[in-house]
Chemist: 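Provided herewith is a single structure, encoded as structure tokens, for subsequent inquiry.
So that the names make sense, note that chain A is the first sequence line, chain B the second, and so on, each numbered from 1. This structure is a prediction, so every number in the text was calculated from the model and none was measured.
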2 protein chains.
Amino acid sequence: MKSSMKPQYEARAKIIKAMAHPSRLFIIEELNKNERCVGELTEMVGADTSTVSKHLSVLKNAGLVTDEKRANSIYYALRCPCIMNFIGCVEDVLTAKAEDHKKIMKSCRK
Amino acid sequence: MKSSMKPQYEARAKIIKAMAHPSRLFIIEELNKNERCVGELTEMVGADTSTVSKHLSVLKNAGLVTDEKRANSIYYALRCPCIMNFIGCVEDVLTAKAEDHKKIMKSCRK
DNA sequence: GTCATATTTGGCCATATAGCCAAATTGCCA
DNA sequence: TGGCAATTTGGCTATATGGCCAAATATGAC
């Protein structure tokens, strides 16, 4: 690929990589419904606070979420809800994969 | 998160993870324009054939691409072009991030 | 100031990934 | 059948990641 394009692909990959973790996907979905503070998310995810904090820092670093200090907590919010549209497509891929699998199974029984 | 949901998040994360690499993003874009064989992609990406082959196997494993043997080459194609819509959103995130950065810079100069 | 609560950071280990080279495999065609 | 071309696989190293625990760092209340 053109070397001038490389930084752009790297920037995109960094953002996508930030989404590429089960707990972080869960967090993204929750934040799409409601802003949340670290404590709430920690309880919902069911992992160590430090682990969740690090996940949030990954998301923030990628620019996917924003954080705001309020009262004695830090509230995180999803920055670009369009991210959620993508999940639908991911589900499509999963469905397509499942269909293929079914086809293969069927041809094996012949 | 509900433990019953965990496999679903893991499945989604696996697909997103497969996209989370600069070369693979490049390959996805190319395959969106045209199906391509390994040799062509190798030249376009500019890496070792074995490296590109492994990238393709990651994409295939995730269900993002299909492969078809033809003549003496294997042609890969993008399975769900909707994936491409997502890139637009990723760009939005990058823009939002850049805007923030500008704001911060501005407030520093005050 | 001191305490308690909320969050982040550092340290550590186990695991996964990307990349190259070399070797194995697969399929076409003379 | 033998060889060539395309692709995949194995082996290796360096690097990054996720997770927990423990420690550090805010921030608000008294």
Chemist: Ignoring hydrogens, what is the shortest heavy-atom contact between B:A62 and A:V93? Give both atom names and the distance.
Modeler: O-CG1, 3.6 Å
Chemist: Checking B:D67 now: which residues fulfil salt bridge (charged side-chain N to carboxylate O under 4.0 Å, His left out) with it, not counting sequence neighbours?
Modeler: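 If we apply the salt bridge (charged side-chain N to carboxylate O under 4.0 Å, His left out) test to B:D67, skipping adjacent residues, the hits are B:K60.
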Chemist: State which residues pass salt bridge (charged side-chain N to carboxylate O under 4.0 Å, His left out) with A:R79; sequence neighbours excluded, sorted by chain then number.
Modeler: B:D100
Chemist: Whole Å only: how far is the NZ atom of A:K6 from the P atom of C:dA18?
Modeler: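 After rounding, the gap between these two atoms is 14 Å.
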Chemist: Quick one: is D:dA6 close enough that its OP1 or OP2 comes under 4.0 Å of any side-chain N or O from B:Y76?
Modeler: no
Chemist: Between C:dT5 atom C1' and A:I74 atom CD1, what is the distance in whole Å?
Modeler: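 A:I74 atom CD1 is separated from C:dT5 atom C1' by 12 Å.
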Chemist: Would you indicate whether B:C89 and A:C82 have their SG atoms under 2.5 Å apart?
Modeler: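 The answer is yes, since A:C82 and B:C89 bring their SG atoms under 2.5 Å apart.
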Chemist: Show me the donor-acceptor pairs, under 3.5 Å and distance only, between side chains in residues 34-42 of chain A and residues at least two apart or in other chains.
Modeler:
| unit_1 | atom_1 | unit_2 | atom_2 | d |
| --- | --- | --- | --- | --- |
| A:E35 | OE2 | A:R70 | NH2 | 2.4 |
| A:E40 | OE1 | A:C37 | N | 3.0 |
| A:T42 | OG1 | A:V38 | O | 2.8 |

Chemist: Please report, rounded to the nearest Å, how far the P atom of C:dT17 is from the NZ atom of B:K14.
Modeler: 10 Å
Chemist: With heavy-atom distances below 4.5 Å as the criterion, would you say the side chains of B:N61 and B:K14 are in contact?
Modeler: yes
Chemist: Near DNA chain C, which residues from residues 27-35 of chain A have a heavy atom under 4.0 Å away?
Modeler: none
Chemist: Applying side-chain contact (heavy atoms from CB on, under 4.5 Å), name anything that partners B:N32, two or more places apart in sequence or on another chain.
Modeler: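 B:N32: side-chain contact (heavy atoms from CB on, under 4.5 Å) contacts with B:L78, B:P81, B:M84.
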Chemist: Treating primed atoms plus P, OP1 and OP2 as sugar-phosphate and everything else as base, which nucleotides of nucleotides 13-22 of chain D get B, S or - for protein heavy atoms under 4.0 Å?
Modeler: ---SSSSBBB
Chemist: Whole angstroms only, please: what is the CD-P distance between A:E43 and C:dA6?
Modeler: 11 Å
Chemist: Rounded to whole Å, how long is the line connecting atom CZ of A:R36 with atom P of C:dA6?
Modeler: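 Whole-Å distance recorded here is 15 Å.
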Chemist: Which heavy atom of B:S4 sits nearest to which heavy atom of B:P7, and what is that distance?
Modeler: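 Looking at all heavy atoms of both residues, the closest pair is O-CD, 3.4 Å.
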Chemist: Can you check the B:R70 CZ to C:dC28 P distance for me, whole Å?
Modeler: 13 Å
Chemist: Remember a base hit wins even if backbone is also touched, and classify B:T49 as base, sugar-phosphate or nothing at under 4.0 Å, heavy atoms.
Modeler: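 It contacts base atoms.
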Chemist: Kindly indicate whether the side chain of A:R12, heavy atoms from C-beta on, has any atom under 4.5 Å from the side chain of A:Y9.
Modeler: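 In short, these two side chains touch, coming nearer than 4.5 Å.
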Chemist: Can you tell me the distance, in whole Å, between the CG atom of A:N72 and the C1' atom of C:dC3?
Modeler: 14 Å
Chemist: Nearest whole angstrom, please: distance from the P of C:dT9 to the CG of A:L56.
Modeler: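 Roughly 12 Å, once rounded to whole Å.
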